[in-house]
Amino acid sequence: MLAPPETPPPPRPPAWAMTLVGGSGADIKALDAAFAAGAALSALDVAVRQNAPFAGAWRVRLALKAAVASLEGRAGDETSLRDAFALTRPGGDPGPAGRVYAAWRALAAGRRLADIAVDLGASPADPEFLNATFDAHARSLAPAPLAAAAAARAVAAKWPRAIPVAIAVADGVLAARLGWRAPLPMLALEALRARPDDAAWTAACCAAYARAANRSCDLHAELARAETRLQAVAPKLRAKGAGAALAALLDDDAVSSATKIAGMSDRGLRRLFDRLVELGAARELTGRPTFRLYGL
Amino acid sequence: MARTPSEFDVELADLPTELRWREWLARVEAVVFAAAEPVPRETLARVVGRDCPLDLLLDDIRAELRGRPYELVKVGGGYAFHTRARHGAAIRAAFAIDPDVRSLSKLEAGVLIAIAYEQPITRAELTERFGREISRDLIASLRDRALIAAGPRKPVPGAPFGYVTTARFLEMFGLETLGDLPDLEALQDAGLAQASEA
């Protein structure tokens, strides 16, 4: 059964930093943006290091948002990406949109950049270039968001039609500079108003990281509340695999009743999830009577 | 008979019959050879005499080409030289043309392109789109050629597979990624593709 101590709320990016990057952001000054990014990322850093029980769900939810953003509305909103991923046989092809989602999930899980860059549009694949660029910027002494922006610029120069690759590398470099065990998909969450080859790119990047850090902290707090509700009802669940089922919900964005849980059948799991929904401790995400998916 | 230099002599009245025939033959052959598309009869008629029996002349050309690797065919409303079928493999090898490209029927190609643009898409959705039954056999034939594969299932009764294109598909059509597919909207705007009545 779950009984870890309640996760303390992480600090939130302070309002005096976020106001610097609010508004339309057309003329954000570079120093303001960098300052805001520093303040926001330091708050986010605390959240990352907590390694909360719901960290898996947090990372995958961010990956889902990043995937939707990087697809720019083509063939993918959260629901259809979620479905494509959940309804693909293991080892099967989730389709081009599903593969983009899989790539962002892999980034958030700490997989190697070279493996995911192809799905994000790096063609032809060039693992040496990716690794060399990543290493160079991850080891630089520049502040994390600046190193990330510079890495993105270098990668975008190589694949100008696949900006998501540059953004993923930026997230990777940022995480490396901050000492995180795996990147958080962040830069993709914010509509970037500059291109990597613009003069204003670095400032735009810093502002975007500040806002993305803020949103990530928001999501972290939301999931912390969901975890609390889940823990509250845990003692009421008597099914054998209930602990594993709850852990599955904390570890991913969406879980289907077909998930293999020791000691639980498909129908048993579905009954458990439906009970959790009744108790207000989980949500059914699709609104469908069949092929249902459950999450925090 | 005086001839102005600009006037093209088709009657060739000065030549003996045999030579005149040879000259007409040569002209028709040259015109068909030079044309990028099948040449209509009327165009050929412009280079031979009014009373020239064009069909006999074309028969003679066919006869002369016996044993050559190409032949005279009537296609697309006109005449053209086509290489003979048995040299197909050699030609495909010379230009590195994928053998499977030629063996797709028009409907198979249409279905393949629909899958490319709308993947993942189920067989039922394809049937609706084309307004005719897209058979399991057709899907199977595309799968056998490794051009499509089963992708995510659709969350509707029966959980049908959505089909997606493969890396082989990209290779065959010379695409690096699916992003290299021609922009459908741009094609439609240019009048090269029909917008579906969605």
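Below, read A as the first sequence line, B as the second, and so on, with proteins coming before strands; counting in each chain starts at 1. Since we're looking at a predicted model, the values are computed, not measured.
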**OP:** For each of Leu178(B), Val156(B), Thr166(B), tally heavy-atom pairs with chain A at distances under 4.5 Å, and name the one with the top tally.
**Re:** Val156(B)

**OP:** Measure distances from Thr165(B) to the heavy atoms of chain A and classify the residue's part below 4.5 Å as side chain, backbone, both or neither.
**Re:** backbone

Original post:
For Arg27(B), does the CZ atom have more than 12 heavy-atom neighbours from other residues, nucleotides or ligands under 6.0 Å away?
Top reply: yes

**OP:** Would you indicate whether Arg41(B), at its atom CZ, is surrounded by more than 12 heavy atoms from other residues, nucleotides or ligands within a distance under 6.0 Å?
**Re:** yes

Original post:
In residues 98-108 of chain A, which residues are in contact with chain B at a heavy-atom separation under 4.5 Å?
Top reply: none

Subject >> Segment of Arg89(A) engaging chain B (4.5 angstrom heavy-atom cut-off) >> reply: side chain

**OP:** Could you pull out all residues at least two apart from Phe33(B) that satisfy ring-ring contact (aromatic ring centres under 6.0 Å, His included)?
**Re:** none

Original post:
Between Ala162(A), Pro94(A), Gly121(A), which residue shows the highest count of heavy-atom pairs closer than 4.5 Å to chain B?
Top reply: Pro94(A)

**OP:** Under 4.5 Å heavy-atom distance to chain A, tell me which part of Ala150(B) shows up: side chain, backbone, both or neither.
**Re:** both

Original post:
Under a 4.5 Å cut-off applied to non-hydrogen side-chain atoms, are Leu87(A) and Pro155(B) in contact?
Top reply: yes

Subject >> Value rounded to 0.5 Å, distance of CG in Asp93(A) from OH in Tyr163(B) >> reply: 13.0 Å

Subject >> Glu128(B), CD atom: more than 12 neighbouring heavy atoms under 6.0 Å >> reply: no

**OP:** Heavy atoms only: give me the nearest Ala84(A)-Pro152(B) pair and the separation to one decimal.
**Re:** O-CB, 3.4 Å

